[in-house]
There are 2 protein chains.
Amino acid sequence: MKNIEKKAFEFCIANKERLTLPRQLVLKIIARNKKPLKAYDLIDKLRSRLVNIKPPTVYRALDFWQKHNFIHRIESLNAFCICSEDKLHKGAQFIICNSCGEVVESDSCNLPKIIDEFLKKNTFKPLKWNIEINGICQNCS
Amino acid sequence: MKNIEKKAFEFCIANKERLTLPRQLVLKIIARNKKPLKAYDLIDKLRSRLVNIKPPTVYRALDFWQKHNFIHRIESLNAFCICSEDKLHKGAQFIICNSCGEVVESDSCNLPKIIDEFLKKNTFKPLKWNIEINGICQNCS
DNA sequence: TCTCCCTTGATAAATAATAACATTAAAACA
DNA sequence: TGTTTTAATGTTATTATTTATCAAGGGAGA
């Protein structure tokens, strides 16, 4: 079992959340997939384990893990990936190669200073943030 | 005429791009709307000016202005807004209030240093980036 | 066991974006 | 000016993504 899966198990015990089959499977599949998965990719992969699986089931599990910061939604791809930092943080930075589609999560999970200052100046309370950088990776250039 | 509209006009002359009616109207409506607009909101607003307007027409105009950095797509809202910086830059930071929906564009249009370093270390060439921060604004808290 | 509450099942619909091909119109050039 | 080329729009249809709604199931505590 991957580290994040164990962590999820412990999280559910500690917080009295139910680790149902759809939730388990959704997290496991995302955790073991190198690239971010779209909702319908997930549905396809789940079909063999959950008969008659429908979009709401998957979206609910995705919402659950997202809410608790186990997975991230990559907005510009409509796709989901595991939080690679094992930090369950609220913000993430993704570096996305437009050529091969590889996505890596940068490991600076704080907001950059200049933005922090902007928020402070404007008394804005950040809850969640997302940085997505599109470009060309080393392999593809 | 707003500054950005004049700029767009000059841009088209200088770059031999055609400032067609759909393009003009789409830019104008986005420029004059305080909040970001969704594609189908735009379609509704255009109905009085362009009979029988259909999604592809709007999406094409949006692609055009986005490609040339006159507008930004806010990924987490599926919405579009004018580049408020008049800088026609490739990156943007949005501060989005989850309560009232107000969106402001922060004026630091460079990538934060720590990410710059990460990209350099990994020889990744950024083409476009997007920072979206969700939270609660001063008025709503 | 009964009840409450959370989760899933199931059906349908809303919202968002694109594909494919026909048509129009501006630009380029003889 | 007439012809060709190119780019943009018009049109129809479809695909992709997400959500609403209500019925049913199942575990935890009274």
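- Remark: side-chain polar atoms of Asp41(B) are not paired, donor with acceptor, to backbone N or O of Leu37(B) under 3.5 angstrom.
- The nucleotide whose nearest atom lies closest to any side-chain atom of Arg23(A) is, among dT7(C), dT19(D), dG9(C), dT7(C).
- Going from atom CG of Asn15(A) over to atom P of dA28(D) covers 16 Å, rounded to whole Å.
- Between the side chain of Gln24(B) and the main chain of Leu19(B), a donor-acceptor pair closer than 3.5 Å is present.
- Residue whose closest nucleotide on DNA chain D sits further toward the 5' end, between Val51(B) and Ala39(A): Val51(B).
- Atom pair Gln24(B):CD and dA8(D):P shows a separation of 15 Å (rounding to whole Å applied).
- Rounded to an integer number of Å, the gap from Leu77(B) CG to dT15(C) P is 16 Å.
- Atoms NZ (Lys54(B)) and C1' (dT11(D)) sit 6 Å apart, rounded to a whole Å.
- A side-chain donor-acceptor contact under 3.5 Å links Trp65(A) to the backbone of Arg23(A).
- To the nearest angstrom, P of dT18(C) lies 10 Å from CD of Gln66(B).
- Less than 6.0 angstrom separates the ring centroid of Phe11(A) from the ring centroid of His68(A).
- Counting to the nearest Å, the C1' atom of dA16(C) and the NZ atom of Lys38(B) are 8 Å from each other.
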* Along nucleotides 21-30 of chain C, 5' to 3', which nucleotides get a B, which get an S, and which get a -, given that the test is a protein heavy-atom distance under 4.0 Å? -> -----S----
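- Annotation: of the two residues near DNA chain C, Pro56(B) and Thr20(A), the 5′-most nearest-nucleotide partner is Thr20(A).
- A donor atom on one side chain and an acceptor atom on the other are found under 3.5 Å apart for Glu132(A) and Ser76(A).
- Of the possible polar contacts, one joining the Asn33(B) side chain to the Lys35(B) backbone as a donor-acceptor pair under 3.5 Å is found.
- Summarising the geometry, the separation between CG on Leu21(A) and P on dG25(D) is reported as 17 Å, rounded to the nearest angstrom.
- Contact annotation for Pro22(A): backbone-only contact, meaning every heavy-atom pair under 4.0 Å involves sugar-phosphate atoms and none involves a base.
- Along DNA chain C, the nucleotide closest to Asn78(B) and the one closest to Glu17(A) are compared, and the more 5′ of them pairs with Glu17(A).
- Counting all heavy atoms, side chain and backbone alike, Phe124(B) lies closest to Ile96(A) at CZ-O, 3.3 Å.
- For the pair Thr57(A) and dT8(C), the criterion of a side-chain N or O lying under 4.0 Å from OP1 or OP2 is not met.
- The distance from atom OH of Tyr40(A) to atom P of dT14(D) is 18 Å, rounded to the nearest whole Å.
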